[in-house]
Every structure is written in C-alpha cells, then in structure tokens.
Amino acid sequence: MQEIIGNKLKELYPDVSENLIQLQKTKSDFEGDVTLVVFPLVRISKKSAEETATAIGEFLTNELSFVEGFNVVKGFLNLEISTSYWLSQFHKILNTPNYGVREKSNKTYIVEYSSPNTNKPLHLGHLRNIFLGFSVANILEANGHDVVKTQIINDRGIHICKSMLAWQLFGEGETPESTGLKGDKLVGKYYVAFDKKYKEEIKELVTQGMEKEQAEKHAPILIQAQEMLKKWEEGDKEVVQLWEMMNSWVYAGFDVTYNTMGVDFDSLYYESDTYILGKDIVESGLSKGLLYQKEDGSVWCDLSEEKMDDKLLLRGDGTSVYMTQDVGTAVKRFNDFPATVGMIYTVGNEQEHHFKVLFTILKKLGYPFAEECFHLSYGMVNLPTGKMKSREGTVVDADDLMAEVINDAKEITEERGQIENLNDQQRSQLFQQIGLGGLKYYLLKVDPKKSMMFNPEESIDLNGNTGPFIQYTYARTQSIIHKERGVLAKFNPDTEAEKSEIDIVKHLLELPEMIKEAGKTYSPALVANYTYELVKLYNSFYQSVSIFKEENKDKQNLRLLLTEKVAETVHFTMSLLGIEVPSKM
RNA sequence: GCGCUUGUGGUGAAAGGGAUAUCACAGGAGCCUUCUAAGCUCUUAUUCCAGGUUCGAAUCCUGGCAGGCGUACCA
C-alpha cells in the first residue's frame, strides 16, 4: 500500500521522495485506517498542512478505488480503506505458503549462547541467556539464513580444578550414581565445598597474623588447585582422567537441563581445544609485530588508539587468559563456517568491555570478520534478595526453577483446565508446555538490554501479557478448528466484515515486516509483543462475534479462516520464542 | 575519576522524530442457558530534572540527578 500511495502521490507532487511519505496506522481514537503524515510534504505543496492534507485526500479518494474517504486532523490525513481491500489482502495471505518466513538468503549466522563453566549447574541467568540465544537463532532462520547454534564450553582453568580438587579431598569416591545427584549438581557441590574450605583457611591464616590479601594467595588449598592446573596443562594422566570423568558428569547433567528447556546446539567448542589455537595466533601476531612483548615475556595488544587499556594476551609464564581463548574460538568458527556473515555472542552485559576489546583485537590481527561480530548483550537477572552469587549459594537453580513453574502450571491447570480426556503422559506434557511457556515468555518479552527482577516466590504470572494467556487463546482456536470439519468453503473476498475481523487482518499483514525487524535487531521481545497483540485482537473478536451461530456462510467462512490463520501465526511466532502451544488446556 | 547503559501510571512493560503516550498487573464497575471466564467490556492513575535542535521530542543533542554494569597477568 505504501508503494501504491507513494506512486500516486508522485503524480500529484513529482518532487516527493520515498522518505517523505510517512504512512502509519491510524490511532484508534480517529476515524480511518491509514494515516499519512503531511508535514514533510508542505515544503513541496507550498500550502498549509491542512490544505495539503485535504488536497491529497481528495486526490487519493478519486484516484484509488480502495480509498473510500478521508478526514484531516491537524495535518494528519486519515484515509479510510475499503473492507474489500483488506479482505483481498487477507486472501493473498491465505495463498502465501509459509507466510512470514523469508526466502533463503544463503547467508550463515553463528549464534552462541549458554557457554557455561563446567564446575557448577545452570542457573536463572543462564535461562535468560539460553532462551534469548535460542530464540534469536530461530528468528534468523525465519529470515532465511542458515544458522549454527553453538557455545563455548569453559571446561578448563583454575575454577574447574577447584571442584576437582575438592572432590579428590572430600569426595570419598562419590559419583552421580552413588548419590543419585545430577552430575552437574554433584560437581557444583564440590565447587562450593572448595570455597568453604578456602575461606576457612584464609580465616585461620589471618588469625595467625597474616594480612588478608596475603592469606588469599597462600591458602594451601588454593596452592594445591594451582598445582593441579599446572599438572593438567602438562597433560598429567591422573589429573586429565579426573577432569574427563567429572566433565562427563557435568555434560550428562547439562543435557538433562537443555532437554527440559527444549533447546539444542549444532556445534560445540571447548576452551580446552581453542586456547591452544589462540596461543598460536597470538604468537604469530607477535612475530608480525601486531602485538608487543614486555620484558617479563608477557604479550599485549596495544589499544591506546582506541582509548582503552592495553590487553594482556599471554602471561609472563606463557599461559593464556580468557581473551586468548576467545580469539582462537572466533577464528576457528569462521574457518569452520566460511559462509558466515555474522556471529552473535549472547553474553551478559557485564562483559561488554570484554567483547569490545575482543573485536578490536581481532581487527588489529587482521581478521576482516571482526566487523561481523556482535555482542548480544542482556541485562542481569536480579533477585529480590540481591545479586546471585554461585559461591555463596544464592543462585536460583535452573532445574529447580523449571520444576517449580511446571508444578505451578499443574496446580492451576488441574483446577481450571479442560483436561478430562488427557492421559497422564499428555497431562505432564501439557504442564511442561504451560510452565515453561510462561517462564520463557516472561524472560523474553522484555527488551534484552534491561536488567530485570525475578521473584521466585511469586514465580510467573498467568494472566495478561503472559505465555499461558497466549497458549490459552491458541487452545481456543484449536477447539473451534476441531469442530469446523466440513463447514469450511472457498473464501469469498466480497463478504462483509466486522471491525474486529479487519483489525486481525491488519495485524496479520504486519507479520513479515515484524519478522524482518526482529531479525535485524535480534529481538525476541518484538516477536512476543506482536503475538500478544494478535491474540488480544483475536480474543476481542472471539468475544464479539459467534462463529457457529452465524448463518451467512461467507461470514462464517471468514471467521473460520481468520481463526485458522491466527492459530497458524501464533504457533509460528511462539515457536520462534521456543514456546510450544497446546491444543487443549 | 573515566566508559557503557537504564530511568515511562502504585508495580512490570510498549511506543522504527508524529496526533489526546499504549498495554498488562494491582484497585473500582460490569459480562457465563451462547464456539474454553487462564477470557471480554468500561474505569482511576504515568514520560527523572534543566536547557537545546525541530512545524513536531518519551525518542535526537548538551548538562545535571538516580540506579545497574564495567574499567584485572579473574572468568
């Protein structure tokens, strides 16, 4: 429509350019469907806004059959568009296969999310991260791109050795099997055990008269952990074996969590692999003179031009830091997937500086893909009690939280759901869909940039702008669709239509643009808001007209088709958020 | 100190420079003999402050104020 009106306007004012034509939805307080903002055009028309608007309104009403009338309010030209126009647009939608999905672009995007440490279980913060990354991957796919979902697994380093050591010291041979604990939980338990012992030792040293700072460096258990790390780097057989065993526990535990979450990955990168490549790259960068070395042998990247502090890439003793490994990972990924035009790092905003530095270093090392890296930064999830700290045990565990929301869903559904005809397996699937749907929607509907407060006591809402509300509406559509068998005839675009029906059509027409925008801005929140808006319109429609009591077949048909299309769209957009929709609830 | 970022009804959020700022929750008033009331309809209440750019600013710029994050030979 933008195009048609734009072209028409050029007949009236040959000088107008595309960007002067601002069409938008008419606000609900005014008559009309589409509004042209005429202020930008007054320079060309050389008349007042009101006069210009009236002139254009008259012109368009005469020239375009679908413009039925117009009104002018303070320089805004509200155009009234015919019902038949909207219905013909709806007809087009019905005939578009995979409406909303864009054509193949032959471009590859890599989306990284989760990227856990292998020394503790996943927590609430990971949930926001993973749901966000997973959803962005889906959105990019809907935009026609090939997507590689990946993560970097931080499986080595001093923090990993800490839980290994604690297990060795206090574990008495415990295994997930012997304890019945999930592998990641068991390992996490020893990470906490390490910290407890460590703090005790510090306290003891301080009472013996040592400065706190010194004590923190000289606690025997820390020294032991550092020795273990060294042994690991040297390939000590026993340590590596222990490392492999405990990591395998953690992975088995993570798999269970990912499975419940309904997310997956296409490729995995391990820090234990990529840090070596990182070191090689840094050394070659040094020999090319792109990096510099200090007297103690440490290697740095000069960032003074960028007004940042220089960044260490290799320690004096030749060991690597986090950044070294990240350089290696990035290079490896672009080698593995040469068609990549974008790499999205889903990582919390606490690491914004880190990624700024990373991308700068990659650029300085001469990798053109540095331009294609993007840090999808999101705000922290806070608790009413303050910040989550894993060592202090103030985290909300991912598994626990999911179990809790699923249980909430169970209670509420048993109370008011329509589940008489479902068997046990179908019921538990439904509870999971609702509980997780609520949780995912809750975490995704907010702009990722904003930090958020999460109250586990109150858990998640079920009314209003929530996942279950959308799921509920979907279930309604399904119940209608199940009854409609045989009723549906061919669509007749010449029928009459209610306002609530046209409103749905208008919103459906916005789907492709929304998908595009969400892909461009990596924004699941946009998808969530769109879907919410759609089901609200549908519920309003649902309440105001009857489908099966309608005697006019064409009208009834339109309502059924709208129901089907809304259902299909909700299914699609919710799937972009990683949320399932039930046919009954 | 410096850098990034956020400030919108009581609470949580929305608004690609456009009209009288939109939703939800909570509060108030209604709607089930009718396709699922986890729903619908109505109602009360909001742009941190001060300047500036613009025909037009929640949005852009400058300066404050307040919160968050960062500024490691940690990850």
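Chain letters run A, B, ... following the sequence lines, proteins first, then strands; residues in each count from 1. In this text, all values refer to a predicted model and were calculated from it rather than measured experimentally.
In this structure, CZ of A/Phe548 is placed 21 Å from P of B/U33, rounded to the nearest angstrom. Atom pair A/Lys549:NZ and B/C32:C1' shows a separation of 12 Å (rounding to whole Å applied). Distance, A/Gln543 CD to B/A37 P: 7 Å, rounded to whole Å. Distance, A/Tyr532 OH to B/A15 C1': 15 Å, rounded to whole Å. Note: NZ (A/Lys584) to P (B/G39) measures 20 Å, nearest angstrom. Rounded to whole Å, the distance from CD1 on A/Ile481 to P on B/U36 is 12 Å. For the pair A/Tyr441 OH and B/G12 C1', the interatomic distance rounds to 13 Å; values are reported in whole Å. For the pair A/Phe70 CZ and B/A19 P, the computed distance is 21 Å after rounding to whole Å.
At B/U36, one or more side-chain N or O atoms of A/Ser479 fall inside 4.0 Å of OP1 or OP2 (strictly under the cut-off). Taking 4.0 angstrom as the limit, A/Lys450 places a side-chain polar atom (N or O) nearer than this to OP1 or OP2 of B/A14. Dashed line: the shortest gap from a side-chain N or O of A/Asn463 to OP1 or OP2 of B/G39 is under 4.0 Å. The side chain of A/Arg156 contributes no N or O atom lying less than 4.0 Å from OP1 or OP2 of B/A75. In terms of phosphate contacts, A/Lys445 brings no side-chain nitrogen or oxygen within less than 4.0 Å of OP1 or OP2 of B/A13. Close to B/A38, at under 4.0 Å from its OP1 or OP2, lies a side-chain N or O of A/Tyr472. Between B/U36 and A/Lys483, a contact under 4.0 Å exists linking OP1 or OP2 to a side-chain N or O. Considering only side-chain N and O atoms, A/Thr35 lies nowhere under 4.0 angstrom from the phosphate OP1 or OP2 of B/G18. OP1 or OP2 of B/C74 lies within a sub-4.0 Å distance of a side-chain N or O belonging to A/Arg315. In this model, the phosphate group of B/U20 is approached by a side-chain N or O of A/Lys74 to a distance below 4.0 Å at OP1 or OP2.
In the set B/U36, B/C73, B/A75, the nucleotide with an atom closest to the side chain of A/Asp296 is B/C73. Side-chain proximity of A/Phe30 to the nucleotides B/U5, B/C69, B/A19 is greatest for B/A19. Of the candidate nucleotides B/C73, B/A14, B/G70, B/G70 has the atom lying nearest to any side-chain atom of A/His353. Side-chain proximity of A/Tyr542 to the nucleotides B/C74, B/C23, B/U36 is greatest for B/U36. Of the candidates B/A24, B/C40, B/A75, the closest approach to any side-chain atom of A/His354 belongs to B/A75. The side chain of A/Arg476 approaches B/G39 more closely than any other nucleotide in the set B/U5, B/G39, B/C73.
Remark: A/Lys311 is not positioned above the aromatic ring of A/Trp300, lacking an NZ or CZ atom under 6.0 angstrom from the ring centre and at most 45 degrees off the axis. A cation-pi arrangement is absent between A/Arg559 and A/Phe541, since the terminal nitrogen or guanidinium carbon is not both under 6.0 Å from the aromatic centre and inside a 45° cone about the axis. Stacking of A/Arg476 on the aromatic ring of A/Tyr542 is recorded, both the 6.0 Å distance cut-off and the 45° axial limit being met.
Stacking of A/Phe39 onto the six-membered ring of B/G18 is present: less than 5.5 angstrom between centres, less than 30° between planes. An aromatic stacking contact between A/Phe469 and the base of B/G39 is absent, as defined here by ring centres under 5.5 Å apart and ring planes under 30° from parallel.
When heavy atoms are screened at a 4.0 angstrom cut-off, A/Ser583 is found touching base atoms of the nucleic acid. Using a 4.0 Å heavy-atom criterion, one finds that A/Asn455 contacts no nucleic acid atom at all.
In this structure, A/Tyr322 has its ring center under 6.0 Å from that of A/His354. Under the 6.0 Å cut-off for aromatic ring centres, A/Tyr345 and A/Phe359 qualify, their centroids lying closer than that.
In terms of position along RNA chain B, the nucleotide closest to A/Arg416 lies nearer the 5' end than the nucleotide closest to the other residue of the pair A/Asn117 and A/Arg416. Taking for each of A/Phe76 and A/Ser451 the nucleotide of RNA chain B with the nearest heavy atom, the 5'-most of the two is the partner of A/Ser451.
When Watson-Crick and G-U wobble pairs are counted only if both distances are under 3.5 Å, B/U62 pairs with B/A50. Under the Watson-Crick or G-U wobble criterion, with both distances below 3.5 Å, B/C31 is paired with B/G39. Across all strands shown, B/G70 is found opposite B/C2 as a Watson-Crick or G-U wobble partner, with both distances under 3.5 Å.
The closest donor-acceptor contact from the side chain of A/Thr466 to the backbone of A/Leu462 lies under 3.5 Å.
In this structure, B/C69 is classed as anti because its glycosidic torsion departs from zero by more than 90°.
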Point to revise | CA sep, side-chain torsions, deciding dist, call: A/Phe355, A/Phe374, ring-ring contact (aromatic ring centres under 6.0 Å, His included) | key: CA-CA 8 Å; A/Phe355 281 99; A/Phe374 179 77; over 10 Å; no

